[in-house]
Protein chains: 2
Amino acid sequence: MAITIYDIAREAKVGIGTVSRVFNSHPNVTKETREKVLAVAKRLNYQPHVYAQGLARQRTNTFAAIIPFFTNYFFIEILQGVQEKISSIGFDLILHGVNHPDEIDESLRRSSRRGRVDGIIFFSMRLPDTFAKKWKDLEIPIVLVDTFHEEFDSITVENFQGAQTATEHLISLGHTNIGMITANVKSDPARIRLEGFRAALKKHTIEVNERNIIVSDVTKLDGFSRDAGYLAMKEMLKLGTSLPTAIFISSDVQAIGAISALREKGLRVPDDVAIVSFDDIELAQHFGLTTMRQPMHRMGELAVDQIVKRKQNPSALPIQMRFMPELVVRQSCGAKKISPNIEDYVHHKDINEVAAPHD
Amino acid sequence: MAITIYDIAREAKVGIGTVSRVFNSHPNVTKETREKVLAVAKRLNYQPHVYAQGLARQRTNTFAAIIPFFTNYFFIEILQGVQEKISSIGFDLILHGVNHPDEIDESLRRSSRRGRVDGIIFFSMRLPDTFAKKWKDLEIPIVLVDTFHEEFDSITVENFQGAQTATEHLISLGHTNIGMITANVKSDPARIRLEGFRAALKKHTIEVNERNIIVSDVTKLDGFSRDAGYLAMKEMLKLGTSLPTAIFISSDVQAIGAISALREKGLRVPDDVAIVSFDDIELAQHFGLTTMRQPMHRMGELAVDQIVKRKQNPSALPIQMRFMPELVVRQSCGAKKISPNIEDYVHHKDINEVAAPHD
DNA sequence: ATTTTTATTGGAAGGGCTTCCAAGAAGTTA
DNA sequence: TAACTTCTTGGAAGCCCTTCCAATAAAAAT
């Protein structure tokens, strides 16, 4: 049924080796032979069999991405970078969404099956120790994004510095009663951002009021979710009149949830409470969030680059790439805009009114 | 290096056929042999080679999803359903993000390479005619989601009815000066929703004022984007005092953009302009959008089911599944809330309020 | 005890490609 | 012209499985 190189070889009156060489751009094929073969291949509508190639070549031209399932826009934006880069080098992407921590092992196992993929990009979750131990036996490169393990290549963001910058921005706006809402500190980024927050206050000799720090104990997505943000803010609102005038929130999605909670109480952002968050997902713009931008798209691209490099040089020492997040000033922090450009203005209103049109 | 069934056969002192049978749960293997083989396999940490299996079995246990690249949350929510279902049946998912219409052909070609995938799920875009013609030569099942072609299985939503329901909801609230913002009518859903809108007005003998209809000519994502919605509303605002008091917008993302434009002019939703949109992406909740819900997650799952069925019965007539979208009443339409409890609104209400999509 | 049936097993063939080796053709050099 | 290189080519072997067939062993029936 399907056309194979044998069919082509027969029709073109050449050997299968020659046909193969033509398709692999091997230099030692005369122009005439090449053209003859290509003509026949085209006529028969030949398509190489990817699995047969994979088996013979001992590689798959496929990478796997293991991602905590995309309820979270942060991952999607990274994934975009991954996808674009991957298809630009002619590879395929196998996607593993992990809905529950238990599935991590299963995903890793499936992906690390011999000959399944040529590399794994592992996102945000803590790499299980069991895997780290076994890994040396496999020959598959793996790169971590938004998570860290000293034995592997990783691409992360300077969470500490970023948190510090965010907090200092609030300080620079004159706030002294500053709080923080953090995701579950079982997650490294959450924990480190909290440390950065503390450090910033300390640096400016502002006393840390522990009651101003709400640590989420939500486990789903490690608390990097709107719900978690909403709940945390509800909790913080119990502070009543001593509510902080400014809050650093460990992610944009949480900030969005937190804003909902504030709105419920009739509090306005930034007038009553100034907010700075982290990530700069696309939505941050809608909500006018001042936030620490992570170059997510770029991180995705780099992950692919790095895995390719790692394949070429498996024994090099693990590389750690860290990005410095960038402060993006919008409206939620209440900073004066130097240039009131329209786009930002648009979203300013959303924060206060549109999302809850009526109550 | 890598362990093969030959290694296991040797160690376990059995034949390779027996080893294979053990792993394929073939019934005719004695318990002792099976256990012996499994023990050795475990000891050697055997992993079957997926490509070799694929080659021998003539199938891949992999599906491809071809998706307009996910700037649009609508797709992501469908993709979640797809992913969950796919991994629940032990298959893998190859993801093709299409950033530009030109890439559609390339993606289809790659996916339809012999032996690459066992099925294709194709989203939202118009299937190229060239492919439709060639398709019969391939033996790969394909199912369309959110797009239609009479020769293929498809899963869509009743856009006409949905648009009509949405519009009638506005009519039922007493509006008579009703407008519509639609995405690019090159997209079928956009066009059909417009037709439904017209039909609803006609049915209630409200004259259609063409100036109240803004058709986006944005090509990116066929105008199903925030920017497109923003621009369209800017356009509509030129109507000045004769601005419609209610607007049906062909998607949630556009509605979000449109609301921004309204806010800019100091207009409030729903007080000044009532809005109903379409999709019910997760964000709709946040913006309090009254919208027509599409069961996206479910559509994703069904797509997988259907492709499995189609594999079993390739010659059956194409099946067309259509969901009736459901009106979800929130705030943007100005309808009275039954329970003004804002907490419910933020988190739980929508979930309980809306029945599961019917089959 | 003998024949028939059924359960288990080994391993060749085959799936479609790449790659290596050997051989023949063509081109160089002296 | 002879001896040596360099190109080009065909096809066997190998990648790792599944599956089928034939063979053997065990169980059942006579």
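Note that the structure is predicted; figures quoted are calculated from it, not measured. Reminder, nothing fancy here: chain letters follow the sequence lines and each chain counts from 1.
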Legend entry - Terminal contacting nucleotides, 5' and 3', DNA chain C versus chain B (heavy atom, 4.0 Å): C:dT8 to C:dC17

Inset, instruction - Please indicate whether B:Arg113 has more than 12 foreign heavy atoms, meaning atoms of other residues, nucleotides or ligands, lying under 6.0 Å from its CZ. - result: yes

Inset, instruction - May I have the step-by-step check of salt bridge (charged side-chain N to carboxylate O under 4.0 Å, His left out) for B:Asp92 and A:Arg116, ending in yes or no? - result: CA-CA 10 Å; B:Asp92 278 331; A:Arg116 184 69 190 107; 3.0 Å; yes

Inset, instruction - Have a look at the helix from C:dA1-D:dT30 to C:dA30-D:dT1 and give the angle its two end axes make, five pairs each, rounded to 10 degrees. - result: 40°

Inset, instruction - Write down the distance between CG (B:Leu55) and P (D:dT18), rounded to a whole number of angstrom. - result: 11 Å

Inset, instruction - To the nearest Å, give me how far apart CG (B:Asn28) and C1' (D:dA22) are. - result: 15 Å

Legend entry - Mutual orientation of the aromatic rings belonging to A:Tyr51 and B:Tyr51 [parallel < 30°, tilted 30-60°, perpendicular > 60°]: parallel

Inset, instruction - Decide yes or no for B:Phe75 and A:Ile76: does some side-chain heavy atom of the first lie under 4.5 Å from some side-chain heavy atom of the second? - result: no

Legend entry - Expected output: side-chain A:Ser20 to main-chain A:Thr18 donor-acceptor under 3.5 Å: no

Inset, instruction - To the nearest Å, give me how far apart NE2 (B:His26) and P (D:dT19) are. - result: 10 Å

Inset, instruction - Check DNA chain C against residues 8-20 of chain A and give the residues with a non-hydrogen atom under 4.0 Å, in numerical order. - result: A:Ile16, A:Gly17, A:Ser20

Legend entry - Nearest heavy atoms of B:Phe74 and B:Ser124, plus distance in Å: CE2-OG, 4.2 Å

Legend entry - A:Gln58 side-chain N/O to D:dC15 phosphate OP1/OP2 under 4.0 Å: no

Legend entry - Within-4.5 Å side-chain heavy-atom neighbours: B:Arg114 and A:Thr4: yes

Inset, instruction - Locate the shortest heavy-atom distance separating A:Val145 from A:Ala303; write the atom from each residue and the value. - result: CG2-CB, 3.6 Å

Legend entry - Atom pair distance, as rounded to whole Å: CD in B:Glu32 and P in D:dA25: 17 Å

Inset, instruction - Check the distance between D:dC17's P and A:Arg113's CZ and give it to me in whole angstrom. - result: 10 Å

Legend entry - Heavy-atom side-chain proximity of B:Phe152 to B:Val143 below 4.5 angstrom: no

Inset, instruction - Using atom CZ of B:Arg21 as one end and atom C1' of D:dC17 as the other, report the distance to the nearest whole Å. - result: 13 Å

Inset, instruction - To the nearest Å, give me how far apart CD1 (B:Ile3) and P (D:dC17) are. - result: 10 Å

Legend entry - Upstream residue (5' side of DNA chain C) when A:Ile5 and B:Tyr6 are each assigned their closest nucleotide: B:Tyr6

Legend entry - Rounded distance (Å) that lies between atom P of D:dT19 and atom CD of B:Gln53: 10 Å

Inset, instruction - Classify the angle between the aromatic ring planes of B:Tyr46 and B:Phe23 as parallel (below 30°), tilted (30 to 60°) or perpendicular (above 60°). - result: tilted

Legend entry - Check ion pair B:Asp305-B:Lys85 (N to O, under 4.0 angstrom): yes

